[in-house]
Protein chains: 4
Amino acid sequence: MDDQPKPSARRQRHITQRREAILDAAASVFTAKGYSGASIKDIAEAADVADGTIYNYFANKEALLLGLFDRLVDLERVDNRVASAAADNLDDAVIGYFGVHLAHVRAHYDVFRAIIPEVLSTPDLRQRYYGTFVAPLLAVAEAQIHARISQGQLRQIDEQQAARVVYALFFGLLCLRVLGDEAIQPSESTDAALLNTINHLLLRGWSVSEPGDD
Amino acid sequence: MDDQPKPSARRQRHITQRREAILDAAASVFTAKGYSGASIKDIAEAADVADGTIYNYFANKEALLLGLFDRLVDLERVDNRVASAAADNLDDAVIGYFGVHLAHVRAHYDVFRAIIPEVLSTPDLRQRYYGTFVAPLLAVAEAQIHARISQGQLRQIDEQQAARVVYALFFGLLCLRVLGDEAIQPSESTDAALLNTINHLLLRGWSVSEPGDD
Amino acid sequence: MDDQPKPSARRQRHITQRREAILDAAASVFTAKGYSGASIKDIAEAADVADGTIYNYFANKEALLLGLFDRLVDLERVDNRVASAAADNLDDAVIGYFGVHLAHVRAHYDVFRAIIPEVLSTPDLRQRYYGTFVAPLLAVAEAQIHARISQGQLRQIDEQQAARVVYALFFGLLCLRVLGDEAIQPSESTDAALLNTINHLLLRGWSVSEPGDD
Amino acid sequence: MDDQPKPSARRQRHITQRREAILDAAASVFTAKGYSGASIKDIAEAADVADGTIYNYFANKEALLLGLFDRLVDLERVDNRVASAAADNLDDAVIGYFGVHLAHVRAHYDVFRAIIPEVLSTPDLRQRYYGTFVAPLLAVAEAQIHARISQGQLRQIDEQQAARVVYALFFGLLCLRVLGDEAIQPSESTDAALLNTINHLLLRGWSVSEPGDD
DNA sequence: CATGAATGAGTTTTCATTCAT
DNA sequence: CATGAATGAAAACTCATTCAT
């Protein structure tokens with residue numbers, strides 16, 4: 001009797017599942033072979049569907065990449081709420097900023113590995129990534145730095161450059177992971193230690209402060 | 001009497017010039033379209049030669065990429081001598097390390113833009129780049145940090161992680177440039193300002209040091 | 001009720017048909033232009049499919065040649081059973097040996113014409129052909145000659161050389177056909193006459209027997 | 001003082017030498033890689049000249065093949081005089097016919113190996129070879145057989161077919177050699193033994209003659 | 001919706017041939 | 001004549017995309 005109870009609901013769920021499965025497969029194959037090196041056949045096999053089926057869910061190959069991209073966007077949006085709830089305390093602010101992003105990368109590492117090379121090489125995607133991820137985060141950092149300077153918590157540094165330095169630090173770590181550096185492969189403990197190192201760096205620097213310094 | 005003393009000398013020079021011209025074209029096209037997106041036809045047109053001519057100078061498309069790579073290696077080697085001549089003074093050391101690398105990137109920016117996406121996506125190249133550029137520079141940084149800690153110039157920080165953080169900062173800046181961030185496009189003045197910001201950061205941190213801090 | 005019992009059966013048959021059609025086209029084009037002279041485009045046109053379709057059935061151009069080769073192997077195997085059923089009678093043995101092979105060539109003449117030039121020029125294929133066709137047939141001939149000599153049916157001739165002579169006779173006729181000699185183009189009647197001539201030759205020679213002979 | 005004595009004579013000799021050297025190289029490379037598989041560069045290297053030089057002596061690649069071909073023709077012509085000086089004696093006639101041809105093949109084996117696959121696969125060359133070598137030799141054989149039958153030396157056999165059988169025997173042996181059969185690789189002793197076997201076969205057959213024979 | 005065979009445009013690569021030196 | 005770099009047509013092969021079943 002349950003023949004057509006919620007045809008759209010169940011079907012919708014099925015469709016979503018398929019989409020996600022295909023995206024998972026795409027992420028995995030893109031990571032292994034790069035976007036151009038990955039064929040639709042590869043992805044179809046990884047997703048255990050026929051070639052043609054992919055085109056029922058995505059307009060074309062590029063849409064798979066954008067699909068992965070959008071996944072990150074969706075998730076980032078959620079996380080950002082947390083991130084933007086910045087603390088009064090400077091340490092908490094730094095730890096919040098980097099902690100959220102490091103966790104984000106950790107959770108979606110496969111997708112990042114798949115996307116980043118393409119982001120760097122494809123003008124279209126480059127702009128999209130910059131607009132979606134980089135610019136907002138730079139803005140957040142810049143605003144925070146500006147505010148902290150006004151509040152006298154930070155020195156008088158070039159806000160724009162400082163924000164870039166902060167973001168570069170984060171992005172560079174991500175790249176180092178992609179490059180295979182074994183000392184900082186993503187894990188909760190590694191990230192915790194890193195957070196500590198970074199926090200110390202940003203706020204106090206590494207040099208032994210001479211008495212009466214600055 | 002000098003009628004035929006350098007038949008090969010002139011020819012050799014010609015060959016080298018052609019090679020370089022083709023590599024220049026390749027760098028430019030790779031940057032614009034990515035390695036996979038660039039066709040030999042594109043590169044040939046950019047170099048103003050016929051398709052087949054490229055194969056008189058390079059075994060295949062991949063050899064173009066490796067040719068670009070080797071260019072960096074050759075040049076880096078020269079620069080490294082300077083880099084390794086580290087100063088006693090902490091500020092000079094930081095400025096030396098980053099200054100040399102930023103200058104290197106500035107000088108060969110086109111090649112970096114062309115290569116980095118491939119480095120991140122191609123396992124082969126990834127290893128090659130890591131072994132040639134990343135590992136040595138990490139080692140230099142680590143050794144310096146270790147020495148400075150021993151000498152009491154730096155705090156007791158995790159040397160391994162600190163070195164990664166320093167390199168990530170550098171690499172992240174490079175990526176931000178590739179991503180098109182306008183605030184830090186490579187130029188002598190930008191780099192000089194950056195150097196200052198970074199130096200301050202690494203050695204003294206950004207927070208306003210409260211009296212009796214740490 | 002038989003709605004979906006042979007979804008793969010029909011498809012399988014279709015695939016086999018396509019494969020055979022493409023092989024037929026390849027045989028025809030190879031014969032006309034030689035293996036190297038034949039382009040995939042030529043073959044695709046002859047088979048009335050698109051270029052790419054051929055690669056859905058054969059890994060590469062060489063596989064077409066090997067496909068033709070394997071066809072002969074399959075068929076030869078069947079025929080060989082007959083061939084090895086050698087008669088007591090000498091005449092029957094000769095007629096059996098040559099009859100079977102001449103019939104085989106007649107039936108697959110196109111394939112032979114396509115393959116033989118390549119067999120003679122390509123080391124790989126040469127070995128393959130020699131191992132698959134020549135060596136076994138030489139062995140059969142040698143064994144037969146040996147046995148017949150033991151039984152006193154044949155003179156004391158060099159078995160090894162005699163077997164080669166017999167095979168050479170057969171192969172040479174095949175080549176003469178390929179070369180276009182009109183007097184012996186394959187047909188049942190030509191082959192029958194040839195058989196007779198050969199049989200006479202091998203067993204009794206052509207010279208007029210001295211008095212008392214025959 | 002010998003500055004320009006016989007400019008044309010010496011030069012002519014030089015030119016001929018170069019031509020021959022290039023043809024030698026071509027024969028060797030064709031044999032090793034087949035006509036299509038051999039590149040002009042390969043041949044130029046084997047002949048120790050530049051690519052372009054070849055075109056000073058031959059119009060194009062095909063002309064190299066025809067050049068090899070013509071070499072055989074020239075030589076065959078000489079040999080044929082001997083061959084056509086047929087003996088009264090049947091044995092001598094057979095031995096003359098096959099002996100000359102086997103020797104010819106032995107002397108120019110490389111050229112035969114290089115040419116035969118192309119002869120079998122290229123319509124043009126096929127006709128040329130047939131007209132130049134096969135037809136005349138078939139005619140000689142046919143004429144001889146005809147004459148011998150008239151003279152009562154040979155039985156009443158089909159002259160046309162018999163001639164084909166004789167030629168096929170010869171050509172088949174050549175092919176067996178090209179195919180790599182080790183038992184009959186060309187050498188003076190092998191050929192001598194073969195001659196004997198063939199002579200016996202053609203004239204007396206291999207079966208044990210009934211009482212009163214031989 | 002799922003399938004996967006068919007398609008053909010596009011890519012890399014080879015190589016016979018030309019021609020300026 | 002010798003050279004060998006330059007050429008560009010042509011070949012083998014790939015693969016994103018379509019569509020009949």
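Each chain gets a letter, A, B and so on, in the order its sequence line appears, and its residues count up from 1.
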**Prompt:** At their closest point, which heavy atom of D:Leu23 faces which heavy atom of D:Leu64, and how far apart are they?
**Reply:**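 Scanning both residues completely, I find the closest heavy atoms to be CD2-O, 3.5 Å.
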[X] [atom1] to [N] [atom2], straight-line distance once rounded to whole Å:
| X | N | atom1 | atom2 | value |
| --- | --- | --- | --- | --- |
| B:Leu65 | E:dT12 | CG | C1' | 15 Å |
| A:Arg19 | E:dC1 | CZ | P | 12 Å |
| D:Phe58 | E:dT18 | CZ | C1' | 18 Å |
| D:Gln17 | F:dC1 | CD | C1' | 15 Å |
| A:His14 | E:dA2 | NE2 | C1' | 10 Å |
| A:Glu45 | F:dA16 | CD | P | 12 Å |
| B:Leu64 | E:dT11 | CG | P | 16 Å |
| D:Lys41 | E:dT17 | NZ | P | 14 Å |

**Message:** On DNA chain E, compare the nucleotides closest to D:Asp51 and A:Thr53; which residue's is nearer the 5' end?
**Reply:**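 Checking each residue's closest nucleotide, the 5'-ward one belongs to A:Thr53.
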When you check the gap from the basic side-chain N to the acidic O, do [X] and [Y] get nearer than 4.0 Å?
| X | Y | answer |
| --- | --- | --- |
| A:Asp48 | A:Arg18 | no |
| B:Arg19 | B:Asp24 | no |
| A:Glu20 | A:Arg71 | yes |

**Asked** So what's E:dG8 paired with, Watson-Crick or G-U wobble, going by both distances under 3.5 Å?
**Response**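 Here E:dG8 is engaged in a pair, and the nucleotide opposite it is F:dC15.
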**Prompt:** What is the base-pairing partner of E:dC1, counting Watson-Crick and G-U wobble geometry with both distances under 3.5 Å?
**Reply:**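 Partner of E:dC1: none found under 3.5 Å.
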With a non-hydrogen cut-off below 4.0 angstrom, is [X] in contact with a base, only sugar-phosphate, or nothing?
| X | result |
| --- | --- |
| D:Ala38 | sugar-phosphate |
| D:Ala63 | nothing |
| C:Ala44 | nothing |

Does a nitrogen or oxygen in the side chain of [X] sit under 4.0 Å from OP1 or OP2 of [N]?
| X | N | result |
| --- | --- | --- |
| D:Asn56 | F:dA2 | yes |
| A:Tyr57 | E:dA2 | yes |
| A:Tyr55 | F:dT17 | yes |
| B:Lys61 | E:dT12 | yes |
| D:Arg18 | F:dA2 | yes |

**Message:** Pick the closest DNA chain F nucleotide for C:Ser39 and for B:Ile54 by heavy atoms, then say which residue is nearer the 5' end.
**Reply:**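 Nearer the 5' end of the strand: B:Ile54.
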**Message:** Need to verify one output field. Residue with the more 5' nearest nucleotide on DNA chain F, C:Glu62 or B:Asp48?
**Reply:**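 The answer here is B:Asp48.
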**Prompt:** Can you tell if the side chain of D:Ile15 reaches within under 4.5 Å of the side chain of D:Asn56, non-hydrogen atoms only?
**Reply:**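 No, every pair of side-chain atoms sits at 4.5 Å or beyond.
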**Request:** Establish, yes or no, whether the cationic atom of C:Lys61 lies under 6.0 Å from the six-membered ring centre of C:Tyr35 and within 45° of the ring axis.
**Result:**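 Judged by the rule, C:Lys61 and C:Tyr35 form a cation-pi pair.
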**Selection from E:dG8, E:dT13, F:dC1 that lies nearest to any side-chain heavy atom of C:Ala50** =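 My answer, after comparing the listed nucleotides, is E:dG8.
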**Prompt:** Quick one: which of F:dA12, F:dA5, E:dA5 gets closest to the side chain of B:Ile15?
**Reply:**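 Closest of the options to the side chain of B:Ile15: F:dA5.
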